[in-house]
Student: 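What follows is a structure written as structure tokens; I'll ask about it next.
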There are 2 protein chains.
Amino acid sequence: MLNQKPSLDLTFQALADPTRRAMVERLTLGPASVSELAQPLPMSLPAVMQHLAILEQSGLVRSQKIGRVRTCQLDVQVLRATEQFLSQCRFAWNHRMDRLGAFFEVARVERPHAGTDGR
Amino acid sequence: MLNQKPSLDLTFQALADPTRRAMVERLTLGPASVSELAQPLPMSLPAVMQHLAILEQSGLVRSQKIGRVRTCQLDVQVLRATEQFLSQCRFAWNHRMDRLGAFFEVARVERPHAGTDGR
DNA sequence: CTGATGCTTAAGCAATCACTTTATCATTCC
DNA sequence: GGAATGATAAAGTGATTGCTTAAGCATCAG
């Protein structure tokens, strides 16, 4: 059909958790270290690391370690691809609506008195 | 921050499963009964029903029962809202890129030879 | 070297998930 | 009425999730 990439699994799964979405939103403001990411979150550092690992597996976030601090940043490419999946679904749906509209249009012209409420 | 609606939890969670995405994609082509949805899927009908329940809870799908057949259809509104969350993230990120660019632009003009560490 | 800081690993645990099978219920067809 | 059809409800199960605590490693400041 439209799309069955396993990467979508990982991305949607990653975004399904409010903690991870908060991390993503934090990263839209710019890169951050692990502890900076963890600071506003009501959980232990290891827990944040696990969330981070999931975000990295999905490709939403990349990170590199310099000295003893790991710096994380958003990768909008995956964000874009995910957005595209949704818009494609909407597009297909709208396309069908258009075709439906066209059908009723034709029906209305060929049988002007038929009860086709809903244009 | 940007968005912390619990509905996003449900929607992303719903879309995280390939079976449920397949159901959504099927529904972009038009309404379908439960068994029509189940037909291409390699699992029992009750399993499909459970997936459907999750899709309905998220608001992605609505359904009504007429006689003994339940007809399901996509609700693009939630799809649209989810898409918006992602595009807002990208927008914030791009906005930061722009500001960064402007900063370096200014820095380059005002102090053409300076090391550009922090204002 | 010594201690503080930042991150990482490992193990454990309760809750949730994605199914299954079995048993009903309600509607339509003959 | 009685069988076939479409959809549900209920209970059980193994795997996964989202944490925790405790311990360990690497880097940096004094």
Side-chain angles (χ1 to χ4, degrees), chain A residues 4-27 30-74, chain B residues 4-27 30-74 117-118:
Chain A
Q4 207 54 281
K5 295 183 183 175
S7 69
L8 280 178
D9 281 44
L10 297 176
T11 309
F12 281 124
Q13 186 65 53
L15 291 170
D17 187 279
T19 298
R20 285 189 298 260
R21 281 203 309 281
M23 292 170 72
V24 164
E25 293 184 1
R26 164 61 187 85
L27 289 175
S33 72
V34 174
S35 7
E36 280 170 354
L37 278 181
Q39 184 260 319
L41 300 174
M43 65 186 65
S44 67
L45 199 66
V48 174
M49 295 274 314
Q50 288 169 18
H51 283 300
L52 180 59
I54 288 172
L55 286 171
E56 293 210 57
Q57 280 169 28
S58 74
L60 283 166
V61 170
R62 281 178 297 109
S63 77
Q64 59 177 342
K65 195 167 180 175
I66 296 178
R68 61 183 166 176
V69 45
R70 174 173 299 277
T71 302
C72 311
Q73 63 178 323
L74 209 57
Chain B
Q4 206 57 278
K5 295 183 183 175
S7 70
L8 280 179
D9 280 43
L10 296 177
T11 310
F12 281 124
Q13 186 64 54
L15 291 170
D17 187 280
T19 297
R20 286 190 295 260
R21 280 203 310 281
M23 291 168 74
V24 165
E25 295 184 1
R26 163 62 187 84
L27 289 175
S33 71
V34 174
S35 9
E36 279 170 354
L37 278 180
Q39 184 259 322
L41 299 175
M43 65 185 65
S44 68
L45 199 66
V48 174
M49 295 271 315
Q50 288 168 20
H51 283 299
L52 180 60
I54 288 172
L55 286 171
E56 293 211 56
Q57 280 169 29
S58 74
L60 283 166
V61 170
R62 282 179 296 110
S63 76
Q64 59 178 341
K65 195 167 182 175
I66 297 178
R68 62 183 166 179
V69 45
R70 175 173 297 279
T71 302
C72 312
Q73 63 179 321
L74 210 56
D117 35 62

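Heavy-atom basis, side chains included; hydrogens, waters and symmetry copies ignored. Below, chain A is the first sequence line, B the second, and so on; all start at residue 1.
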Student: Roughly how many Å is it from CG in A/L41 to P in D/dT20, rounded to a whole number?
Tutor: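 After rounding, the reported distance stands at 11 Å.
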
Student: Any donor-acceptor pair under 3.5 Å linking the side chain of A/R21 with the backbone of A/L15?
Tutor: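 Checked: pair present.
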
Student: Nearest-Å distance, NZ (B/K65) to P (C/dA26)?
Tutor: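 Rounded to whole Å, this separation is 9 Å.
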
Student: Return the CD to CG distance between A/E36 and A/L27, rounded to the nearest 0.5 Å.
Tutor: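 It is 10.0 Å, given to the nearest 0.5 Å.
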
Student: Among the candidates C/dA18, C/dT8, D/dT8, find the nucleotide nearest to the side-chain atoms of B/D17.
Tutor: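 Output: C/dA18.
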
Student: Hey, which of these two, A/E36 or A/Q13, hits DNA chain C nearer its 5' end, going by closest nucleotide?
Tutor: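 Whichever sits nearer the 5' end wins; that is A/E36.
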
Student: Which parts of residues 43-56 of chain B get close to DNA chain C, meaning a heavy atom less than 4.0 angstrom away?
Tutor: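 Within residues 43-56 of chain B, the residues near DNA chain C are B/M43, B/S44, B/P46, B/A47, B/Q50, B/H51, B/I54.
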
Student: A side-chain contact here means heavy atoms from C-beta on lying under 4.5 Å apart; do B/L45 and B/V34 qualify?
Tutor: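 Sidechains of B/V34 and B/L45: in contact.
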
Student: Roughly how far apart are B/T11 OG1 and B/Q57 CD, rounded to 0.5 Å?
Tutor: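 Those atoms lie 11.0 Å apart.
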
Student: Taking CD from B/Q39 and C1' from D/dG6, how many angstroms apart are they, rounded to a whole number?
Tutor: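 From B/Q39 CD to D/dG6 C1': 15 Å.
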
Student: Nearest 0.5 angstrom please: A/T19 OG1 to A/L37 CG, how far?
Tutor: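 So the gap between those two atoms works out to 11.5 Å.
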
Student: To the nearest Å, how far apart are A/D9 CG and C/dC17 P?
Tutor: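 The answer, rounded to whole Å, is 16 Å.
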
Student: Check the pair B/S63, B/E56 against side chain to side chain donor-acceptor pair (under 3.5 Å), reporting the backbone distance first and the verdict last.
Tutor: CA-CA 8 Å; B/S63 76; B/E56 293 211 56; 2.9 Å; yes

Student: A/L10 has an atom CG; how far is it from atom C1' of D/dT16, in whole Å?
Tutor: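 For the pair A/L10 CG and D/dT16 C1', the rounded distance is 14 Å.
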
Student: Any side-chain N or O of A/R68 under 4.0 Å from OP1/OP2 of D/dC25?
Tutor: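 No, no such contact exists.
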
